[in-house]
Amino acid sequence: MAYDHRAIEQRWQHFWEANQTFKAERRIGRPKAYILDMFPYPSGSGLHVGHPLGYLATDIVARKKRMQGFDVLHPMGWDAFGLPAEQHAIRTGAHPAKTTAENIHVYRRQLKQIGFAYDWSREINTTDPGYVRWTQWIFLKMYERGLAFQAEIPVNWCPGLGTVLANEEIIDGRSEVGGFPVVRQPLRQWQLRITAYADRLSEELEPLDWPETKQKQRDWIGKSEGAEVEFPVEGREEALTVFTTRPDTLYGATYMVIAPDHPLTLAITTPSQRAQVSAYVDAASRKSDMERTALNREKTGVATGAFAKNPLSGRRIPIFTADYVLGAYGTGAIMAVPAHDERDFEFARRFELPIVEVVSPDGSLHENLERAYTADGIAVRSGAFDGQPTAEMKQNVLAHLERQGIGRRRINYKLRDWVFSRQRYWGEPIPIYFPVDTAGDPRQGAAYTIDYTQPIAVAEAELPVRLPELDDYRPGDPQGPLARATNWRFFQKDSKWFARETNTMPQWAGSCWYYLRYLDPKNERELCSAGAYDAWMPVDLYVGGSEHGVLHLLYARFWHKVLFDLGVVKHPEPFLKLVHQGPILGTIYRYFGAVDGESGALYAGDDANVIPIDGPGDVRFALKTGEKLEERWANEPEIEWRDGTPFLRGRDVRVVPVSEKMSKSRGNVVNPDSVIAEHGADALRVYEMFMGPLEQMKPWQTSGIFGVRRFLDRVDGLVGRELGTEMDLETAKLVHRTVKKVGEDIDALRLNTAVSAMMILTNHLNGLPQVPREAAEKLTLCLAPFAPHLGEELWQRLGHEPSVAVAPWPSFDPALCVDDTVEIGVQVNGKVRGRVTLGLTASEEEAKGAGLADSNVAKFVEGKQLTKVIYVPGKILNFIVR
RNA sequence: GCCGAAGUGGCGGAACCGGCAGACGCGGCGGACUCAAAAUCCGUUGAGGUUACACUCGUGUGGGUUCGACUCCCACCUUCGGCACCA
């Protein structure tokens, strides 16, 4: 009874391709929907079953919208610049472009066999010269506006990758890709002035229909409102300016701290402290991010010997330098208020500095604080401000400082400018060149000097700047591998020599604006035409992994806002609604074995009799009797089930299933190709949607797909039966409710319960002597977005012309979706004791009578005093007795 | 440490504007079909209890609000994700 999925799926995939069923076109008077997936990086290992999850959700939404008469843009492309292709090139010598093209070929084939409703005529590839041209064009526009600039700055240099990294690409002092250590090192870099957009990037999140990602971005941008205050330094003209969010605690500032890398640190240091301070500054500059974040919990610092004057209290306060103050945030110096800041408190304790309470929870004075009091309160020891609550005092102090001209309101951000150059080959060349001072021909080895202070933009007409051919792609040189392509790098113009920029753009560049290129992918005159923009933008639904919550989504919003200011786009935000699909986990099975190895090994099985111990390497567990054990892992084929418990095949060793992110090294990857070959693309699609809520993390269970395939076979069987014209009321109600629920669930991306609803209908229809035609048709139409191949097949079998993809979405009769009678629970003192069927409009008297007529209810009420009756029509009847 | 999300049968999950907890699927058990197996179909399946019913317990833990709490409030525990000296 199983249908032939191979034949059906191939036939309809060919049909869609031949008929261009999913070509996106705008028609007068139709609503539009732009439904976008985060396009993949085509890696060498192909897709695993986790990849299509988000694509399936959008595909179902897109297919339903199309059936509802929307013009739908649902495109796909490739984010094809990236490290893996380049690393492969270094190992094998194969050109990254070649590897990338091969990988794309595999990805395209895999996606097509899943049956996505993409408009493949709009496919884009970020490495195409026709695409790179516009990425470079946007860069030049930023350069013209001063948003792209060079600076010699300490950057995050990753020797393992031979390149610099953006702050966002570093996790715990290591590279996000590869996990290599990162060190601080000064280098000439291109940066993008994302900080100029910090406020808009933070504030304009507000109206978007996004999940928690909104808050993550806000936190990353880290807007904080406060004040800049000047502290006069003894014996110097210029004051030391600090940033604080707590101007109300100014009277409690008992010392100051200046960052080791602050330009004034050495200048203000007194001769007697010079040696100590220089040593501290040196040590701090050599520390990598890792050391600073991981090891440096204990506060360190050195007195500079200098003193400042607290502008409000008039008190003479010492100036320290300490690395808990960051040179790059605020002004690089702080006023320290140990009584009301945990870090300052810790430092003050360590260096025996005075701790003066100036904010009291209740207005009374406290001595010998045990810890910093960081909450709001009432001002004390604050001169004329005493007694003011924190919020009020902030305003008053600010006003006072502004009148005196020694302070002003100020907003600061954690966000830093985006280090935008990479010392790698496989990226977009930065379209800039520099004058060269040389006596001969640098391509022939003549000595030369490049004047990096005079960057020149490549003329728009000369875009794109293409990558040169290279024999050796290895990184390592801070100038990047492109510096080795001397014939490409150096050129003459008006008999002067010039050198191209040899850094390339980071992987994120291409994905910052790709959603705009889909609108008009072949346009050679503009990145997209105004007509194409107006037809489709903004993106109505964007689905992708939450790992891109800060990186890609922040960068893309930034570029979009720049393009908005340029007049290229007309909306301040590109993505109205964002959803993150959860990862699909692979399952492996854990057990324990003796360290000695296979021969005579002691197999301890599951966790029950095993305890963790401290030890080197893999030996982190032992039997309770003391024998040391190693953690071992088995995957699905090595497992057999006995009475619902997994065992190691052929052995008496119990194993414990553990779900983890799918990865090659764990051997828990499930390949969609094999699932499709065995069960069909429709079964894969429906199973992935049925697994659970889209946004949740879910373990893949191969057995689950059997149930889904059985369901599809049942639907196939139903529609194959002789159909009737009559439909009984119960069936009609269920059919119409299912149509309603499936439609609503798709709109809300509750795809799992939509599938469940269709299963319920199918089970019901299967029990009928004859299946009504209307039921079969509506079920087919509901199922079509989920299982489109089977949907087409059944639609045709029902006597309709293809394609079901453009058939109208089924309607439902609201009257059939509400019950006139309903079964409700009858409670006595809040416990359910019976149930009665009542009309929705039944009065309390009727309900009471019906409820008491239930023998079991009567039993609990009998002999007691009925004190109250709670009746919510259609919901509950509750008798309160005493 | 801070921010965010989540804890429900053997498993994935459903219900959550407070109103019959466990839909749907997997797995298990029993049966039909078969020489047999697979596939398919039917029944059953939270725990305790009972011949059967009744009944008792049950949505991470402890409290609270309510006629009534998986759902709301407070405290805590655990898991996952993010940030991490940002003044």
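Residue numbers begin at 1 in each chain, while the letters A, B, ... track the order of the sequences. In what follows, every heavy atom counts, from backbone to side chain, and hydrogens, waters and symmetry copies are set aside. Because the structure is predicted, anything quoted here is derived from the model rather than measured.
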(message) Please confirm whether the shortest side-chain N or O distance from A/Arg833 to OP1 or OP2 of B/U56 is below 4.0 Å.
(response) yes

(request) Identify the nucleotide, in any strand shown, that forms a Watson-Crick or G-U wobble pair with B/C26, with both distances under 3.5 Å; if there is none, say none. (result) B/G10

(request) Rounded to whole angstrom, note down the P distance from B/U59 over to B/A21. (result) 12 Å

(request) Identify whether any heavy atom of A/Ser224 sits under 4.0 Å from a base atom; if not, whether one sits that close to sugar-phosphate; answer base, sugar-phosphate or nothing. (result) sugar-phosphate

(message) When the C1' atoms of B/C55 and B/G49 are compared, how many Å lie between them, rounded to an integer?
(response) 8 Å

(request) May I ask you to verify if any side-chain N or O of A/Asn763 is less than 4.0 angstrom from the OP1 or OP2 atom of B/G25? (result) yes

(message) Over all strands shown, is A/Glu342 touching base, sugar-phosphate only, or nothing at heavy-atom distances under 4.0 angstrom?
(response) nothing

(request) Tell me what A/Pro211 touches on the nucleic acid: a base, only sugar-phosphate, or nothing, going by heavy atoms under 4.0 Å. (result) nothing

(request) Name the orientation of the base relative to the sugar in B/G13: syn if the glycosidic angle is within 90° of 0, else anti. (result) anti

(message) Suppose we screen for salt bridge (Lys or Arg N to Asp or Glu O under 4.0 Å). Which residues come up paired with A/Asp344, at least two apart in sequence or across chains?
(response) none

(message) Is the distance between the ring centroids of A/Phe347 and A/Phe320 under 6.0 Å?
(response) yes

(request) Return the value, rounded to whole Å, for the distance between atom CG of A/Asp341 and atom P of B/G1. (result) 18 Å

(request) Please report, rounded to the nearest Å, how far the P atom of B/C24 is from the NE2 atom of A/His764. (result) 14 Å

(message) For A/Glu660, give me all partners under salt bridge (Lys or Arg N to Asp or Glu O under 4.0 Å), at least two apart in sequence or on another chain.
(response) A/Arg666

(message) For B/U51, give the paired nucleotide (Watson-Crick: N1-N3 plus N6-O4 or O6-N4; G-U: N1-O2 and O6-N3; both under 3.5 Å), or none.
(response) none

(message) Rounded to whole Å, how long is the line connecting atom CD of A/Gln215 with atom P of B/C2?
(response) 16 Å

(message) Please report the distance separating the P of B/C70 from the corresponding atom of B/G19, rounded so that it comes out in whole Å.
(response) 9 Å

(request) Could you please name the partner base of B/C41, counting Watson-Crick and G-U wobble pairs only when both distances are under 3.5 Å? (result) B/G31

(message) Rounded to whole Å, please give me the gap between CZ in A/Phe347 and P in B/A87.
(response) 19 Å

(request) Can you tell me, in whole Å, how much space there is between the C1' of B/C41 and that of B/U79? (result) 42 Å

(message) Which nucleotide wins on minimum distance to the side chain of A/Gln701, given the candidates B/C3, B/A87, B/C11?
(response) B/C11

Would you list the atom pairs, donor with acceptor, under 3.5 Å between side chains in residues 747-761 of chain A and any protein atom, with sequence neighbours excluded?
from, atom 1, to, atom 2, distance (Å)
A/Asp747, OD1, A/Lys64, NZ, 2.6
A/Asp747, OD2, A/Lys64, NZ, 3.1
A/Arg750, NE, A/Asp745, OD1, 3.0
A/Arg750, NH2, A/Asp745, OD1, 3.0
A/Thr753, OG1, A/Asp745, OD2, 2.8
A/Thr753, OG1, A/Arg750, O, 3.2

(request) Indicate the atoms forming the closest heavy-atom contact of A/His340 with A/Val358, along with that distance. (result) NE2-N, 3.0 Å

(message) Show me the pairs that pass side-chain hydrogen bond (donor to acceptor under 3.5 Å, both in side chains) and involve residues 247-259 of chain A, at least two apart or across chains.
(response) A/Arg246-A/Asp248, A/Tyr255-A/Tyr324

(message) Measuring only the C1' atom in each nucleotide, how far is B/G22 from B/U71? A whole number of Å is fine.
(response) 15 Å

(request) Tell me what A/Met697 touches on the nucleic acid: a base, only sugar-phosphate, or nothing, going by heavy atoms under 4.0 Å. (result) sugar-phosphate

(message) Check this for me, if you would: do A/Glu688 and A/Lys698 make a salt bridge, where the nitrogen-to-carboxylate-oxygen distance has to be below 4.0 angstrom?
(response) no

(message) In whole Å, I'd like the distance from the NZ atom of A/Lys216 to the P atom of B/C2.
(response) 18 Å

(request) Between B/U51 and B/G46, how far apart are the C1' atoms? Round to whole Å, please. (result) 22 Å

(request) Taking only the side-chain nitrogens and oxygens of A/Tyr324, find out if one of them lies under 4.0 Å from OP1 or OP2 of B/A87. (result) no

(message) When you measure from the side chain of A/Thr867 to the backbone of A/Ile880, do you find a donor-acceptor pair of N or O atoms at a distance under 3.5 Å?
(response) yes

(message) Rounded to whole Å, how long is the line connecting atom NZ of A/Lys299 with atom C1' of B/A87?
(response) 11 Å

(message) Taking B/C24 as the reference, what is the distance to B/G18 when you measure between their C1' atoms (whole Å, please)?
(response) 24 Å

(message) Suppose we define a pair by two distances each less than 3.5 Å, Watson-Crick or G-U wobble; what does B/G18 pair with here?
(response) none

(request) For B/A36 versus B/C26, give the span between their P atoms, rounded off to a whole number of Å. (result) 26 Å

(request) Measure the distance from CZ on A/Arg371 to P on B/G1 and round it to the nearest whole Å. (result) 13 Å

(message) Less than 4.0 angstrom between a side-chain N/O of A/Arg710 and OP1 or OP2 of B/C26, yes or no?
(response) yes

(message) Taking only side-chain N and O atoms of A/Asn766, does any of them lie within less than 4.0 angstrom of OP1 or OP2 on B/C41?
(response) no

(request) Could you tell me whether A/Asn856 contacts a base, only the sugar-phosphate backbone, or nothing, with contacts defined as non-hydrogen atoms closer than 4.0 Å? (result) sugar-phosphate

(request) Using a cut-off of strictly less than 4.0 Å, decide whether A/Lys831 has a side-chain nitrogen or oxygen near OP1 or OP2 of B/C57. (result) yes

(request) Have a look at A/Phe860 and say if it touches a base, only the backbone sugar-phosphate, or nothing, with a 4.0 Å heavy-atom cut-off. (result) sugar-phosphate

(message) With rounding to the nearest 0.5 angstrom, report the OH to CD1 distance, A/Tyr871 to A/Ile876.
(response) 11.0 Å

(request) Using Watson-Crick or G-U wobble geometry with both distances below 3.5 Å, tell me the partner of B/A75, or none. (result) B/U61

(message) Tell me every residue that passes salt bridge (Lys or Arg N to Asp or Glu O under 4.0 Å) with A/Arg218, counting only those two or more places apart in sequence or in another chain.
(response) A/Glu206

(request) Would you mind telling me which of B/C85, B/C41, B/G13 lies closest to the side-chain atoms of A/Arg714? (result) B/C41

(message) Using a 4.0 Å heavy-atom cut-off to protein, can you give one letter per nucleotide of nucleotides 15-23 of chain B, 5' to 3': B if the base is in contact, S if only the sugar-phosphate is, - if neither?
(response) ----BBS-B

(message) Both A/Asn412 and A/Lys698 contact RNA chain B. Taking the nearest nucleotide for each, which residue is further toward the 5' end?
(response) A/Lys698

(message) Both A/Gly327 and A/Phe706 contact RNA chain B. Which one's nearest nucleotide lies toward the 5' end?
(response) A/Phe706

(message) Could you tell me how far apart A/Ile880 (CD1) and B/C67 (C1') are, to the nearest whole angstrom?
(response) 4 Å

